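To start, the structure under review is shown below, and the notes come after it.
Remember, it's a predicted structure, so these values are computed and weren't measured experimentally. The residues of the chain are indexed from 1 along the displayed sequence.
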Amino acid sequence: MTSTPVEPASQADGASSANPAPTGGRPGHALEWQAPTLIRIDEHTTIPSMLQDRVRRSAARPLIARKQEIGETWRNMTAQEFYDDVLSVAAGLIGMGLEPGDRVAIMSRTRYEWTLLDFACWTAALVPVPIYETSSAEQIAYVLADADARLVIAETITTAELVRAAAASLNQDGLEVLSLDTGALHTITEAGRDVSREQVRTRTDSLTTESIATIVYTSGTTGSPKGTVLSHGNFTNLCSNAHLWMPEIGMGRGSRLLLFLPLAHVFARFLEVFQISGEGVMGHAPDTNNLLSDLASFRPSYLLVVPRVLEKIYNSADAQAGGGGARRIFRWAAKVAVEYSRAQDTPAGPSRALRAQRAAADRLVYQRIRTLVGGNADWIISGGAPLSTRLAHFYRGLGIPVLEGYGLTETVGPIAVNTPRLSKIGTVGPPLPPMAVRISSEGEILLKGPSVFQGYHHDPEATAAAFTDDGWFRTGDLGSLDRDGYVTITGRAKDVIVTAGGKNVSPAALEDSLRGHPLISQVVVVGEQRPFVAALITLDAEMLPTWLRTHDLEPMTVAEAAVHPQVLAALNRAVDRANKHVSRAESIRKIRVLTDDFTEANGLLTPSLKVRRSAALKHFAADIDAIYGGPAGVQS
């Protein structure tokens, strides 16, 4: 593998681009920003070659940490030990008769064996295809059929049987299905006893950056999932440039990443490759019920989370403070953190008095919260949905800056992200090198760059529709660019509500603001062709008992809480706060509290915890009509 460093252009005013300012800006014209190319890779820079480079650089240093079955200790695996495991499994896959380009489906929680199988498949020139471990038989069958899987490796006996049932529904009774919990890896490695390392090397050397690395099926907030075809170059070009763009994250030997988000999701897969191609250590946490203890024992240097996790940490800390003086101290400390962070963005910086208050708050509150995430985290990377600016300031003020980012399956995850050196709270950061971002005249975010996918599997029409005539990928997201190239997301184009009065309303800002309240689990803002905007709200059953206790209320069920005057008053106050950020025509006038939450099981959440909006609107159509006194066009 060879790569060529590129001298970055000068960056004035914290800008992220070789361009001095976005182009365009007049009505009907696009705004555009090109991030610099920091390194150019050649056609042999594949994912296996990145692992080989890591072994050449530091064969005897730790690469993977594996949790021991008993206790809270982690055993380090060196880069060489991991690579030896990869070669053994790759040889086994070849020995099982799998040919270059064959698809191997993986259905499991996030665990070491998934990463091992990923790299073994890539090393054997195979294409791993993830399946969410929560998928139904129908969803599994769709992926098996569309990807034409030759082998499936499931985690448990139960999931293996589910896969076999899905295969049987396709008349694929001969599909080989193995289970990790019943010796899948042993079966595979035994099949490779007569396969030489030279045969494995020949497979690896046959790959180029254009070779397919994986097909990732979008979880689909609307319609059937689409198979996103991603190449080795999509991963390696982005990883190589990202390491130079933000070396503080993965290039230090002290870098530690604990993966606990699903590896079926593309962002976790990107970080898997990113961490292994850097200099740090990676661990896996398959059971999120043990997450706090795993964080405490692993002590990650950075975290990958969705905003809901950060909201829950804050709300739990607030609730656990109890009542009286302890709660007043927590809320004072939270206020100090936000003020301290905001002051860091001013020319004068935090005052001496504010620095003294922060030091006191650190001893009383902040240290305890930092301990919750292992006590070693320098950064939190947040994606998947917008994070409220207040929470972003809170975490930065207490000493763990949140680097908010934005990405899609079609771009191997990150498109833009705030970095330790280039960061603006309220944005998702500047484009990652070497991505180009354009804002269309309709406000849609368009993309170009080497991490943009090859197309949708078996769907040329959807692929063609995903690109403009001049080759820009249509994200479907609405956003803006500031003069320094920082991207702000304002919503999804397909989610925009047009009220009966003709007002266009983007529901995302209102929904994201409300989800930060401890009582609220999910929010769907409604109002399409209606006289005003309203919202469906579900209660957080996990946080409800604590909230009731701290407000001196008796225990009650979710159904009872949904009609309780004090609960409704608290929700209406949250709505009033959210409405301050929008115009009157966009503000929520009524709410309806539902007694059923949104889950994967009832089809209202995707595996990546996004609301299936169209399904929710259909499911709760009667509740929506009740808000307005009847169906659209015939309200009383």
Side-chain angles (χ1 to χ4, degrees), residues 27-31 218-223 226 307 384-388 406-408 410 415-416 426-428 437-447 462 465-468 472-481 487-515 522-537 575 578-592 598 604-606 608 610-621 623-625 627-628 631-633 635:
H29 290 70
L31 286 166
T218 59
S219 50
T221 54
T222 58
K226 295 192 288 286
L387 178 71
S388 76
Y406 160 70
L408 299 166
E410 291 86 347
I415 294 162
T427 76
V428 293
V437 175
R438 173 187 285 180
I439 307 299
S440 75
S441 55
E442 295 79 26
E444 183 181 7
I445 298 173
L446 309 176
L447 302 169
F467 291 87
T468 64
W472 289 81
F473 171 59
R474 301 177 185 272
T475 66
D477 289 310
L478 302 174
S480 62
L481 276 166
V487 182
T488 299
I489 310 298
T490 56
R492 290 286 292 171
K494 62 181 174 54
D495 290 344
V496 170
I497 293 166
V498 182
T499 66
K503 180 65 178 178
N504 284 12
V505 178
S506 181
L510 288 163
E511 292 169 350
D512 295 328
S513 175
L514 285 171
R515 282 194 195 99
Q522 296 295 343
V523 184
V524 174
V525 169
V526 298
E528 181 70 25
Q529 294 303 306
R530 303 286 193 167
F532 57 86
V533 175
L536 304 175
I537 292 176
V575 168
N579 283 342
K580 290 179 180 178
H581 303 291
V582 297
S583 69
R584 176 167 172 75
E586 297 169 288
S587 63
I588 296 169
R589 308 286 180 82
K590 286 186 180 180
I591 63 172
R592 188 170 181 87
F598 296 9
L604 299 180
L605 283 186
T606 71
S608 55
K610 294 185 179 72
V611 172
R612 296 186 191 274
R613 187 175 185 84
S614 58
L617 295 178
K618 182 177 180 180
H619 189 87
F620 295 108
D623 292 277
I624 296 170
D625 288 346
I627 293 173
Y628 297 101
Q635 295 96 325

Taking the side chain as everything from C-beta on, heavy atoms only, tell me whether Asn579 gets closer than 4.5 Å to Ile588. yes
Could you give the distance from OH (Tyr406) to CG (Asp477), rounded to the nearest 0.5 Å? 3.5 Å
Once the angle between the rings of Phe620 and Phe598 is folded into 0 to 90°, is it parallel (under 30°), tilted (30 to 60°) or perpendicular (over 60°)? parallel
Quick check: closest heavy atoms across Ala416 and Val487, and the distance to 0.1 Å? CB-CG2, 4.3 Å
Side chain to side chain contact (heavy atoms under 4.5 Å, CB included) evaluation trace for Val523 with Arg515: CA-CA 7 Å; Val523 184; Arg515 282 194 195 99; 4.1 Å; yes
Heavy-atom side-chain contact between Ser583 and Lys503 under 4.5 Å: yes
As an exercise, state the distance from CD1 of Ile497 to CD of Glu528, rounded to the nearest 0.5 Å. 7.0 Å
Non-hydrogen side-chain atoms of Asp625 and Arg530 separated by less than 4.5 Å: yes
Going by heavy atoms in the side chains, are Ile537 and Arg592 under 4.5 Å from each other? no
Under the criterion side chain to side chain contact (heavy atoms under 4.5 Å, CB included), I'd like the reasoning laid out for Val526 against Leu617: C-alpha separation, chi angles, the key distance, then a yes or no. CA-CA 8 Å; Val526 298; Leu617 295 178; 3.6 Å; yes
State whether the side chain of Thr475 and the backbone N or O of Ile445 hold a donor-acceptor pair below 3.5 Å, judged by distance alone. yes
Could you please spell out the steps behind the side chain to side chain contact (heavy atoms under 4.5 Å, CB included) verdict for Leu446 and Val437? CA-CA 6 Å; Leu446 309 176; Val437 175; over 6 Å; no
Just by modelled atom types, is the Gln529 backbone N or O under 3.5 Å from a matching donor or acceptor in the Thr499 side chain? no
Kindly say whether Val496 contributes a backbone atom to a donor-acceptor pair with the side chain of Ser506 at under 3.5 angstrom? no
Working to the nearest 0.5 angstrom, can you tell me the gap between His619 NE2 and Ser614 OG? 13.0 Å
Presence of salt bridge, Glu511 and Arg613, under 4.0 angstrom: yes
So CZ of Arg438 and CH2 of Trp472: to nearest 0.5 Å the spacing works out to 5.0 Å
Does the side chain to side chain contact (heavy atoms under 4.5 Å, CB included) test come out yes or no for Val575 and Ile591, once each step is laid out? CA-CA 9 Å; Val575 168; Ile591 63 172; 3.7 Å; yes
For a 4.5 angstrom cut-off between non-hydrogen side-chain atoms, does Val611 reach Val524? yes
Within the 4.5 Å heavy-atom criterion, are Phe467 and Arg474 side-chain neighbours or not? no
If you round to the nearest 0.5 Å, how far is CG of Leu481 from CD1 of Ile439? 4.5 Å
CG (Leu408) and CD1 (Ile415) are apart, to the nearest 0.5 Å, by 4.0 Å
Do Thr490 side-chain atoms and Leu478 backbone N/O form a donor-acceptor pair below 3.5 Å? yes
Between Tyr628 and Pro531, which heavy-atom pair has the shortest distance, and what is it? CD2-CD, 3.9 Å
Compare every heavy atom of Ile627 with every heavy atom of Ala535, then report the nearest pair and how far apart it is. O-CD1, 4.4 Å
For Asn504 against Glu586, the heavy-atom pair lying closest together: O-OE2, 4.1 Å
Nearest heavy-atom contact between Val525 and Pro507 is CB-CB, 3.7 Å
Scanning both residues in full, the closest heavy-atom pair of Lys226 with Ala462 reads CD-CB, 4.0 Å
